[in-house]
Colleague: 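Would you mind keeping the following structure in view while I ask a few things?
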Amino acid sequence: MTDFPTSIWPALLVAVPITFALGTVFFAAAGRMWSGLAGSVATTLVSALAIAAAVREGGLIHHLGGWEPPLGILLRLDPLAAVFIGMTALTGIAVSFYAASYLRSQDDLPRGASLFWPLWLMLWAGLNGMFLSNDLFNLFVAIEVVGISAVGLAVLSGKPPALMAGLRYLLVAITGSMSYLFGVALLFGAYGTLDLTLLSAAVEPGATTVFALVLMTLGLMAKSAFFPLHFWLPPAHGSELPPVSALLSALVVKGSFYILLRLWAEVFGVSLTFAAGQLIGVCGAAAVIWGSWQALNQDRLKLIIAHSSVAQLGYLLMVFPLLILAPGTAVAVASDWTSSAWTAAVYQTLSHAFAKSSLFLAAGVIVIAAGHDCRESLLDLVARRPMTAFAIGLAGISLTGLPPSGGFFAKWMLLKAAIASGQWWWAPAVLAGSFLTAGYVFMILRLAFAPGNSDTENRPVPRGLESAALLLAVASFFIIVPAEAVISFLESSAPFGSAIVPGEGGVLP
Amino acid sequence: MNAMETYQIYLTASAVLFTTGLAGVFMARHFFRRIVATKIMGAGVFLSLVSFAERDALEFADPVPHAMVITGIVVAVSAAAFALALARRIHQLTGEHDFTTDS
Amino acid sequence: MSVADVIAIVLISAGCFFFLAGTVGLLRLPDLFSRLHALTKADNLGLGLVAAGMAIYMANPWAALKLFFIWIFTLLASSTACYLISRFAREQAGVTANSGKEDER
Amino acid sequence: MLWFLHLVVLFLLLTVCAGLVRVWRGPTLADRLLTTQLFGTTGMAILIVLSGALGEPTLLNVAITFNVLAVLLVVCLVRVWTAGKAPKGGAS
Amino acid sequence: MSVWIDILLATLSVALAVRCLTAPTLAQCVFLFFAFGLTLALAWARLGAVDVAIAEAAIGAGFLGVLLIDALRDFAPAKEATVEDAEGYAAGGSAAEGSAAGVPLRAGRAALPLLPLAIAAVVFVLLTAEAVLNVRDGGGLTELAQENLARSGVDHPVTAVLLNYRSYDTWLEVGVVLIALLAIFAVGNGGTFARRDHVTHDPVLEPVSRILAPVLFLIGGFLLFLGKYEPGGAFQAAVLWGAMGILLYLAGWPVMTCLPRVWWQVLLTAGFGVFMLLGLAFMSGGGAWFEYPLAHAGNLILLIETLAALSIAAALTAIFAFFHEMHAPDATETPEK
């Protein structure tokens, strides 16, 4: 399965951001910004070169310490990982420039705010490590790197609501990763290996595997804020500094989703059943409806966006039932819709990452301009901040899933897979979610076009902030353009496109 | 009782400890207790790993789970220290010590 | 069973007796300072005897040296700790005066 | 001889269980401290005996580590709780 | 006979854990947690995991215990020290007796439906036990680890796993400690420490710290060096060195302000940075990341362990000092990081 050539790129993807993160520690606030920006640029460059190499070779591997699995750890840059790393790099570089400008223009931040740079570069390295790792325990360590630095970023504003939300997030993160680690312990005890590839060959149905599956799934769902374990997300993402909200909602929750997807597709197939897929799909559908409904009822812009994350993450869960074959379906027949479902998963991840980070960045601009993010802050936005209003519009369209945006492509593929697989009952949930999303997006846009009162404040905003938000919105809109190339790259290697074949004795009847 | 091997006794204990910690995280209200509960949960996980290591012992016990547990302990303590710092800061700023007033 | 083993058994049994005495004292004595007194005996003598017994049993000079260090260290530690605890108890609003009463609860 | 060592371990464990009662009942923090101190010592004795019983002399390193850190705990506790009353660590 | 030891230890640890979470006061919670740590260390010893026992004693019980005790200053009212407890507002006068009789976790306002929860917990325990006890024997990696020991540069298998086979994990773990430190600074005010210009004259603590500190240093170095041959190694040594720092700090020495800022920064990042850079340096020769030439592997690992131990010790000391000074935020400040 892994006949990719060995290369140093996977190692550099982790080492470069960490080198710069350590460098930033030595500077005071201003120097930290410049060294942090340098680190972001360097990491983006390395990501681009690594992805280019992966496209050329079809994928890359790196045996850490020169040891073969199961004794050593394998880093594996396959097409799926490459796409996620690309997403991280694009979001990361835009948010880095935004953050540089934002942290410099705000003077009421606590002194610790310049710790943003080391923490963010560590987070970036952790995310890259997570996407590359092919080892269950190494994934745990990477999850912890990501979790602790994410919470560290979340509490940078130093305000009590942010601290409270941060502590709740941290407790969920610790509990989730311990639950995951218990699953790892069971799998290691039963199969004597931690390597994903070896494990997928060795795994057998049975009580142990089922229990490990349940523990790891629940743990990762809690960390990804999947319904019904999403309770920590809105207060956390609603109270952070804008660049941090953007990073956490776009990237951090996707990390755990990526692991979940890999585990289900590569390891746990034998213990899954059609019913299990349906169950997790129902969670997804409920998340879509509930999250969108909550978003409609919020008063503060950042809370609308945060609740919308819960809903958009629900779409990702709805992919799982479509990947699991119903009893008596041939794999060859299923390839029709499994490929669409995988495309939907990847495109929903990408378009949500770009659109959501863009929205949070735009919300940050509005907070600077108006001093708050209540509904009144949006009034007459089109005239006052045309660029930001345009970014919100583009990102909102992509979230809603209107053609011809990236979000549209994701939702269209999801619908296509649902219909083709005969599981038509997911279609109403997708459509209802889109309508509700349209509701809050147009609520925001209506306010933006409404005439404002003259006493609405309009403080100056550095131009760089608005451009970063717009860049990401454009990205989320236009990722549909290279879709064909991206999908053909992804299809060159498993697990993309493959169906999950349930075994005997799975988790649900 | 003699049919039960050493590692099985500790495995059973690990299951109970994990559940205790999990219940504690959700049911306790004071930040402090929740943090201690995550540590107990972790202890359950580590106990199961070390038990497996003892089961797989040849000349010496399986070193891989031991290394995993040492790594895990350090990581868990770092996270717990951070959580404690957060809890204390919240307590200083607001006087709260549980989540009741939070939305 | 060799003579050394018998000596070890005797020493360790004596150590166990002191641990028992310390625990009983901890449970039964009326106030903090007498408990403190009981505990010091258990610490120093009990551990010392057990360590001596094990040193004879193991018959390994390197281990014996470590055991000796452990014991010396405990002496240092427990005397410091007991001093600090008693000072602490005294500083905390006159435990001496009412500790007996509190114990009746 | 092994059976004797196991018996000793069992006996010492039982004294730990008995000592727990003092932690539950208190009544003062100093009592709990004292019990923790006894636990530390008894635990060390158990480790020493176990290291003989299992033929694992490296367990003595665990005992040494425990020993040292038990002192630190007590020092920390006393220092921390009296810090409000005693002249503070030179900051003033 | 030995089975009874195990059963007693297992039961004791579970009882302590349950009791620790249901204890009526936080002070009791902390002391029961220490006792729990002790039984756990004995359990590791019984299972032949000496390295884990040292790590647990050093980090789990020692370092975290110190932090928990320090946190008690904030959370537990000071008079609890002398007068028996109850969390002030909590379940009323006879709190201790009440919960000894089995009243679980402070239910308070949102009284949870206890019976269903208890049933759910029992079912979950049974399920977990069932899953855990029926794990098939996967064989583990003992054999492979043993076969490759000669190629790892060290003689102790756990050290070989930590610093050679899976050194990437260990490296990230050193990083986690550093990240936690940075995150803790982010919670406070960016990492500043009160300047202490002179030593307090505590009649006992000062001489004790003078004797104990070098001993801690020596034992730490001893464990570090032993790591090559037998249980011990970087983390255990780090905690002992960190304990030395904490002890000196508590005795009133100006630990956090005696070195210039930049030295602290070097100290904190050296372990993580050099670990990575050495790996990268050998990678440039055509090997893999963290692959060391066999001839030098032993010495390189010792170097890395020493630096990692120093960094972690510095981080632990800084974390404790930060915690300790959290309580008195109005002290004179001098920028640290």
Side-chain angles (χ1 to χ4, degrees), chain A residues 70-72 135-138 140-145 147-149 151-152 154-155 158-194 211 215 218-219 222 231-232 234-236 238-239 303, chain B residues 7 11 14-15 18-19 21-22 24-26 28 31 34-35 37-53 55-56 62-65 67-69 71-72 74-76 78-96 98-99 101-103:
Chain A
L71 202 53
D135 182 282
L136 281 178
F137 186 71
N138 182 245
F140 164 77
V141 183
I143 287 174
E144 288 288 348
V145 169
I148 298 182
S149 47
V151 181
V155 299
K159 304 232 164 58
L163 295 178
M164 203 81 140
L167 180 58
R168 189 195 294 263
Y169 180 13
L170 184 59
L171 284 173
V172 169
I174 298 175
T175 313
S177 51
M178 278 305 153
S179 172
Y180 170 85
L181 189 61
F182 201 30
V184 175
L186 290 178
L187 289 179
F188 181 78
Y191 305 108
T193 179
L194 294 164
F211 200 70
L215 281 174
L218 284 179
F231 54 91
W232 58 267
S239 60
L303 283 178
Chain B
Y7 81 89
L11 270 182
S14 84
F18 181 80
T19 318
L22 193 61
V25 173
F26 284 103
F31 294 149
R34 286 186 194 239
I35 294 167
T38 60
K39 285 294 303 168
I40 288 174
M41 215 174 140
V45 177
F46 301 146
L47 198 52
S48 72
L49 272 169
V50 175
S51 304
F52 288 131
R55 183 196 64 187
D56 298 336
D62 191 350
V64 176
M68 283 159 68
V69 169
T71 307
V74 176
V75 166
S78 308
F82 180 30
L84 263 182
L86 265 175
R88 292 184 69 173
R89 189 76 183 160
I90 293 170
H91 185 72
Q92 280 172 1
L93 292 179
T94 66
E96 298 293 332
D98 54 34
F99 286 119
T101 56
D102 197 19
S103 57

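In the text below, chain A, chain B and the rest are named by the order of the sequence lines, each starting its count at 1. These numbers were taken from a predicted model, which means no experiment stands behind them. Worth knowing before you read on, the calculation uses all heavy atoms, side chains too, and leaves out hydrogens, waters and symmetry mates.
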Colleague: Please name all residues satisfying ring-ring contact (aromatic ring centres under 6.0 Å, His included) with Y169(A), sequence neighbours left out, ordered by chain then number.
Modeller: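 Expected list: W232(A).
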Colleague: Could you tell me which portion of F82(B) (side chain, backbone, both or neither) has an atom closer than 4.5 angstrom to a non-hydrogen atom of chain A?
Modeller: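 Contact with chain A: backbone and side chain both.
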Colleague: Heavy-atom cut-off 4.5 Å, strictly under: side chain, backbone, both or neither for I148(A) against chain B?
Modeller: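 Contact with chain B is through both the backbone and side chain of I148(A).
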Colleague: Counting heavy-atom pairs closer than 4.5 Å to chain B, which one of G189(A), S177(A), P160(A) comes out on top?
Modeller: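 Result: the option with the highest number of such pairs is G189(A).
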Colleague: Does the side chain of L22(B) come within less than 4.5 Å of I40(B)'s, by heavy atoms?
Modeller: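 Side-chain contact under 4.5 Å: no.
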Colleague: Check whether any side-chain heavy atom of F46(B) lies under 4.5 Å from a side-chain heavy atom of M178(A), and answer yes or no.
Modeller: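 Yes, at least one pair of side-chain atoms sits under 4.5 Å.
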Colleague: Check whether any side-chain heavy atom of L194(A) lies under 4.5 Å from a side-chain heavy atom of M68(B), and answer yes or no.
Modeller: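 Touching, per the 4.5 Å side-chain cut-off.
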Colleague: Measure distances from L170(A) to the heavy atoms of chain B and classify the residue's part below 4.5 Å as side chain, backbone, both or neither.
Modeller: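 Looking at L170(A), just its side chain touches chain B.
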Colleague: Identify which part of L136(A) has an atom lying under 4.5 Å from any heavy atom of chain B, answering side chain, backbone, both or neither.
Modeller: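 For L136(A), neither part sits under 4.5 Å from chain B.
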Colleague: Quick one, Y7(B) and V50(B) - any side-chain contact, counting heavy atoms below 4.5 Å?
Modeller: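 They are not in side-chain contact.
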Colleague: Taking side chain as C-beta onward, heavy atoms only, is T71(B) less than 4.5 Å from F140(A)?
Modeller: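 Answer no - side chains too far apart.
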Colleague: So which part of V184(A) gets closer than 4.5 Å to some heavy atom of chain B, the side chain, the backbone, both or neither?
Modeller: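 For V184(A), side-chain heavy atoms alone lie under 4.5 Å from chain B.
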Colleague: Against chain B, label V141(A) side chain, backbone, both or neither, depending on which of its atoms sit under 4.5 Å from a heavy atom there.
Modeller: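 Answer is side chain: those atoms of V141(A) sit under 4.5 Å from chain B.
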